[in-house]
Number of protein chains: 4
Amino acid sequence: MAGSVNKVILVGNLGNDPEVRNLPNGGKVVNLSIATSESWKDRNTGERREKTEWHRVVIFSEGLTRVAESYLRKGSKVYIEGQLQTRKWQDQSGQDKYSTEVVLQGFNSNLTLLDGRGDNSGDNSGYGGGDGGFRGVRDNGGGGGGGGARRPSANAPAFEPGGMDDDIPF
Amino acid sequence: MAGSVNKVILVGNLGNDPEVRNLPNGGKVVNLSIATSESWKDRNTGERREKTEWHRVVIFSEGLTRVAESYLRKGSKVYIEGQLQTRKWQDQSGQDKYSTEVVLQGFNSNLTLLDGRGDNSGDNSGYGGGDGGFRGVRDNGGGGGGGGARRPSANAPAFEPGGMDDDIPF
Amino acid sequence: MAGSVNKVILVGNLGNDPEVRNLPNGGKVVNLSIATSESWKDRNTGERREKTEWHRVVIFSEGLTRVAESYLRKGSKVYIEGQLQTRKWQDQSGQDKYSTEVVLQGFNSNLTLLDGRGDNSGDNSGYGGGDGGFRGVRDNGGGGGGGGARRPSANAPAFEPGGMDDDIPF
Amino acid sequence: MAGSVNKVILVGNLGNDPEVRNLPNGGKVVNLSIATSESWKDRNTGERREKTEWHRVVIFSEGLTRVAESYLRKGSKVYIEGQLQTRKWQDQSGQDKYSTEVVLQGFNSNLTLLDGRGDNSGDNSGYGGGDGGFRGVRDNGGGGGGGGARRPSANAPAFEPGGMDDDIPF
DNA sequence: TTTT
DNA sequence: TTTT
């Protein structure tokens with residue numbers, strides 16, 4: 001059908017670190033779990049109430065998987081633009097299940113980090129010290145990798161799709 | 001949480017007439033099934049391929065339920081703005097199920113009919129027959145006279161929420 | 001700056017045929033003038049009132065210029081996604097002027113024709129029959145009438161940016 | 001015209017404190033100047049380049065003027081949803097001028113603060129002098145310091161338009 | 001599971 | 001004029 005639009009826009013926080021899966025063909029897929037919340041005052045009780053919605057986000061776009069993996073962490077606030085997709089699958093007992101996800105793939109997808117200062121505990125003055133930018137985000141002690149997001153814009157890659165292999169996207 | 005956004009924008013066609021349910025309290029809920037499609041040329045085979053996604057839309061907003069009930073029919077093309085919501089329920093065997101829906105409720109929802117059949121000069125039959133509305137898409141063989149919807153905009157009600165009881169919304 | 005979004009979404013009708021300009025480098029730019037309207041009932045007089053807003057749209061994206069040129073005509077209804085841009089220029093008397101436009105350029109732009117059956121004169125029954133519907137395109141040879149685009153989707157090109165040179169985009 | 005949509009979505013930072021004007025009728029209008037920026041790597045020089053776009057935003061919605069006045073300051077990051085409007089006016093020399101603005105008015109407008117600076121415990125310096133930052137809320141009495149707004153959501157008022165006069169909006 |  |  002011509003003439004259709006399928007767009008989701010979310011601004012919310014990650015409930016967990018991104019889950020990265022490697023594909024057979026060398027590519028990657030990143031899954032995010034994003035919370036959006038609303039709060040309102042109950043008309044009857046006058047109490048303040050709040051409801052959180054959890055969104056499953058799946059990133060296929062190459063540039064965006066990299067950004068997600070490099071800069072997003074549990075708690076990060078992001079702007080996301082993708083499309084709705086419902087997937088059918090079978091659980092272990094053979095039952096049909098359906099999952100609706102927000103898919104970032106191809107053009108008209110976007111992912112922008114909105115909290116340049118993660119869970120900075122210390123001083124955040126200056127923003128622009130030696131390394132030039134966000135440091136934040138959970139280089140949380142322990143082993144391994146360690147985070148250190150810096151300049152999180154997923155727009156850039158889209159302008160030069162092939163330009164990220166040998167360069168930082170900013 | 002402050003600072004979150006949960007928005008879905010769809011432009012697509014109804015796969016069926018709207019399903020209207022009356023609530024105990026006198027209100028109504030309308031369910032729509034909307035298709036969006038994408039087509040692309042397969043890089044390998046060169047064939048044109050197409051994929052259709054079906055969206056379950058639930059309308060609670062009073063003004064919009066009325067518009068949906070009055071002006072939408074199978075085949076209608078609509079612009080919809082709502083938010084994502086996942087609902088948990090039990091099927092007859094007691095199994096947990098989840099359904100993700102696009103909910104139109106409260107402010108920041110929108111529903112606009114896009115196939116006003118603009119400058120219909122000729123026959124409009126089929127649109128307004130017995131059932132009083134668009135049935136979609138030109139099987140316009142048969143009889144039925146008929147009027148047909150005319151000015152289908154769900155914006156108006158939003159500007160004066162109580163103003164529709166005694167007036168056509170356009 | 002990281003972390004910003006600049007997005008405009010319009011659904012409206014062309015006030016004129018697209019204006020196509022050829023660039024020195026062989027490229028093209030297409031300008032559209034798009035009307036959106038709102039109507040509401042005046043709270044005081046009870047009269048129905050309407051206000052039309054005109055939007056200047058500028059298309060740089062190669063795939064979309066082609067779609068615009070080929071399928072859009074005065075009166076066409078389109079879905080457009082672009083970004084706001086204000087341009088400074090001097091009028092003939094040297095006065096500074098500013099124009100704000102909706103620019104379609106690069107990723108995250110979209111243009112989708114919403115009235116697939118423009119001024120179809122012939123039968124369009126069925127959607128699925130032999131030719132299955134929209135055939136459209138460019139019979140704009142000679143004089144007179146012109147136009148009548150029908151199967152207008154600018155999504156396709158985006159999926160295979162180079163794929164349109166030798167093929168109809170649907 | 002039925003069937004049109006006019007929507008602008010911005011995520012950006014305020015270049016200045018909000019400008020509040022009182023209307024004859026007791027209402028208020030708030031003007032914001034919001035920057036969005038893009039950066040990309042120049043294909044030729046390889047340099048990183050950046051372009052900032054400034055948007056004039058005008059808030060008429062009662063609930064949103066209050067939120068803007070209370071919680072926004074120079075530097076604040078906001079999510080904004082409004083519509084495009086071009087206004088004609090005469091400058092002092094009688095010349096016609098046009099200004100295009102993003103108007104927040106009525107339903108389908110939104111304003112959400114994105115840098116809650118949450119539970120700033122420490123220093124907030126840098127944000128604009130004197131008192132540094134959001135003071136927000138209910139110029140609650142007397143003195144000094146000021147606390148740092150925290151829960152800035154413009155959604156709430158929309159759910160209960162009249163509910164803010166005697167309560168904090170969150 | 002996030003955030004406020 | 002912001003932000004990085």
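All chains are named by letter (A, B, ...) in the order of the sequence lines, taking the proteins before the strands, and each is independently numbered beginning at 1.
The CG-C1' distance, from A:Leu14 to E:dT2, rounds to 8 Å in whole Å. For the pair A:Arg49 CZ and E:dT4 P, the interatomic distance rounds to 22 Å; values are reported in whole Å. Nucleotide E:dT3 holds its P atom 13 Å from the CD1 atom of A:Ile34, rounded to whole Å. Atom CG of B:Asn6 and atom P of E:dT4 are 19 Å apart (whole Å). Per the geometry, CG belonging to D:Leu113 stands 18 Å off P belonging to F:dT2, to the nearest Å. Rounding to whole angstrom units, CD1 of residue A:Ile80 and C1' of E:dT2 are separated by 13 Å. F:dT3 atom P lies 20 Å from atom CZ of D:Arg48, rounded to whole Å. Straight-line distance from the CZ atom of D:Arg73 to the P atom of F:dT2: 16 Å, rounded to whole Å.
The side chain of A:Glu50 lies closest to E:dT4 when the candidates are F:dT4, E:dT2, E:dT4. Considering only the side chain of D:Asn16, F:dT1 comes nearest among F:dT3, F:dT1, E:dT2. Ranking E:dT1, F:dT2, E:dT2 by closeness to the D:Lys74 side chain, first place goes to F:dT2.
By the stacking rule of 5.5 Å between ring centres and under 30° between planes, A:Trp54 stacks on the base of E:dT1.
When every heavy atom of A:Ser109 is checked against every heavy atom of C:Phe107, the shortest pair comes out as O-CE1, 3.6 Å.
A:Phe60 places none of its side-chain heavy atoms less than 4.5 Å from the side chain of A:Thr65.
C:Trp89 CH2 to C:Ser99 OG: the interatomic distance, rounded to the nearest 0.5 Å, is 5.5 Å. From A:Leu113, atom CG reaches atom CZ of A:Arg73 across 10.5 Å, with rounding to the nearest 0.5 Å.
Evaluation of atom-type donor-acceptor distances gives no pair under 3.5 Å for the side chain of C:Ser4 against the base of F:dT3.
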